[in-house]
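Beneath this line is the structure, given in structure tokens, with notes to follow.
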There are 2 protein chains.
Amino acid sequence: MLSSKAKYGLKAMIYLSRHEGRGPSLIADVADSERIPKKFLDAILLELKNHGLLSSKKGKGGGYVLARPSSRITAGEIIRILDGPLAPIPCVSRSAYRRCEDCQDEEACALRAVMQDVRDALAAILDNTSLADMINRTATSETVLNYDI
Amino acid sequence: MLSSKAKYGLKAMIYLSRHEGRGPSLIADVADSERIPKKFLDAILLELKNHGLLSSKKGKGGGYVLARPSSRITAGEIIRILDGPLAPIPCVSRSAYRRCEDCQDEEACALRAVMQDVRDALAAILDNTSLADMINRTATSETVLNYDI
DNA sequence: CTACCACCCTATTGAATGGGTAGGGTGATG
DNA sequence: CATCACCCTACCCATTCAATAGGGTGGTAG
């Protein structure tokens, strides 16, 4: 299950992608627009900045901007920063591998094999979906709707 | 992330699959063999029984047995019982749909589309992997190992 | 140069969840 | 009727989650 933190983080990053090239956005604007508690969002954006996904500018006229083009920031990155590894159990995680205490033989573990598949499927989706992709997908469906009307 | 509860539950169910047709197994045996805290496993198996995946017999010679053939119990079922819905956010859950409070328009939600994909991928794997499948997979890889040696 | 603005940081809080334990009840064998 | 093994209720502790408080810091503008 995705935490509220990660959900808010993703929504904020999508917001910032939609404002790409239009200068910095205020935390307050993002919070209002996406209905996120402001102080909470404050902490989330700071964390994303400290991991290099955002740049910020202080003072009047300041705010947050994407540190890279929206096509080069993936959902997977954001989720890993805010919620930790994608893998359902640590013994199949690439980014944070840890052996199972209670497991005798990893190779023979029937559970591990399935969880391996789950991890791979998650990574295949989330690491290959950029912010730009997410926006385009819904933009397209909106266009389709417009044509229909 | 899979909880310990679900992990233990899956391991216990795998154990019971391996003992299919050999009469009931004791909680204590499963707990020892899989290194699961006994009282905790006690509660887990009870829950799985109450959801119809296990049958039990009291008294001497009693214990737990699968309520259905291992080929007809899936990992997805077990995880849903012990950890709740597979979906990363409630607004894409089939079994426990709930609308996002902070979401204006579900159809236009860029996040929802990705999470939909994630949910589908998870379900595709977990609802199509039975206990029997899990056992066979590792049994095969063991055989391959034996041939190599 | 000073007022203001908006990000930055630390600490706290309250509720929920996760993981597990205690202790006895119940009903079937034998 | 004793024993065995599941059944049930209640409780506990630590951690995480979600959010808030309150002030610090550094730019900008006039």
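These numbers were taken from a predicted model, which means no experiment stands behind them. Chain identifiers are assigned alphabetically (A, B, ...) following the order of the sequence lines, protein sequences preceding nucleic acid strands; residue numbering begins at 1 within each chain.
- In this entry the distance linking CG of A/Leu41 with C1' of D/dA19 reads 12 Å, nearest Å.
- If you take CG of A/Asp29 and P of C/dC5, they are 14 Å apart, rounded to a whole angstrom.
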Go through the steps for B/Lys7 and B/Ile36 under the test side chain to side chain contact (heavy atoms under 4.5 Å, CB included), then give the verdict. CA-CA 10 Å; B/Lys7 194 177 87 174; B/Ile36 303 171; over 6 Å; no
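- One can place CD of B/Glu47 at 13 Å from C1' of C/dG18, the figure rounded to the nearest angstrom.
- Atoms OH (B/Tyr64) and C1' (D/dA5) sit 10 Å apart, rounded to a whole Å.
- Partners of B/Val114 under the side chain to side chain contact (heavy atoms under 4.5 Å, CB included) rule, at least two apart in sequence or in another chain, are A/Ile125, A/Leu126, A/Thr129, A/Met134, A/Arg137.
- OP1 or OP2 of D/dC7 sits under 4.0 Å from a side-chain N or O of B/Ser56.
- With sequence neighbours excluded, the residues satisfying salt bridge (charged side-chain N to carboxylate O under 4.0 Å, His left out) with A/Arg112 are A/Glu106.
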Nucleotide-resolved protein contact map, nucleotides 13-18 of chain D, B/S/- at heavy-atom distance under 4.0 Å: -----S
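- Looking at residues two or more places apart in sequence or on another chain, you find no salt bridge (charged side-chain N to carboxylate O under 4.0 Å, His left out) involving A/Asp83.
- A/Leu45 comes within 4.0 angstrom of no nucleic acid atom, judged by non-hydrogen atoms across all strands.
- Regarding B/Asp42, its CG atom lies at a distance of 13 Å from the P atom of D/dT9, rounded to whole Å.
- With sequence neighbours left out, the side-chain hydrogen bond (donor to acceptor under 3.5 Å, both in side chains) criterion links B/Ser70 to B/Glu20.
- Residue B/Leu26 comes nearest to B/Gly62 through the heavy atom pair CD2-O, 3.4 Å, listed as atom of the first residue, atom of the second, then distance.
- A/Ser25 comes within 4.0 angstrom of sugar-phosphate atoms only, judged by non-hydrogen atoms across all strands, and of no base.
- Spacing between atom CD1 of A/Ile44 and atom P of C/dC8 amounts to 14 Å, rounded to whole angstrom units.
- Looking at residues 85-94 of chain A, you'll see that no heavy atom sits under 4.0 Å from any atom of DNA chain C.
- In this structure, B/Glu34 has no side-chain hydrogen bond (donor to acceptor under 3.5 Å, both in side chains) partners at least two apart in sequence or on a different chain.
- Residues passing the salt bridge (charged side-chain N to carboxylate O under 4.0 Å, His left out) test with B/Asp127, sequence neighbours excluded: B/Arg80.
- Partners of B/Glu47 by side-chain hydrogen bond (donor to acceptor under 3.5 Å, both in side chains), not counting sequence neighbours, listed by chain and number: B/Lys5.
- Legend: residues meeting ring pair (Phe, Tyr, Trp, His ring centres under 6.0 Å) with A/Tyr8, ordered by chain and number and at least two apart, are A/Phe40.
- Between B/Leu82 atom CG and C/dG19 atom P there is a gap of 11 Å when expressed in whole angstrom units.
- The side chain of A/Leu26 lies closest to C/dC7 when the candidates are C/dC7, D/dC6, C/dC8.
- In terms of heavy-atom proximity, B/Asp133 sits nearest to B/Asn128 at OD2-O, 3.5 Å.
- Screening residues 54-71 of chain B for salt bridge (charged side-chain N to carboxylate O under 4.0 Å, His left out), with sequence neighbours left out, gives B/Arg68-B/Glu77.
- Put simply, NZ on B/Lys49 is 16 Å from P on D/dA5, counting in whole angstrom units.
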Reading nucleotides 22-30 of chain D 5' to 3', which nucleotides get B (base under 4.0 Å from a protein heavy atom), which S (sugar-phosphate only), which -? BB-BB-S--
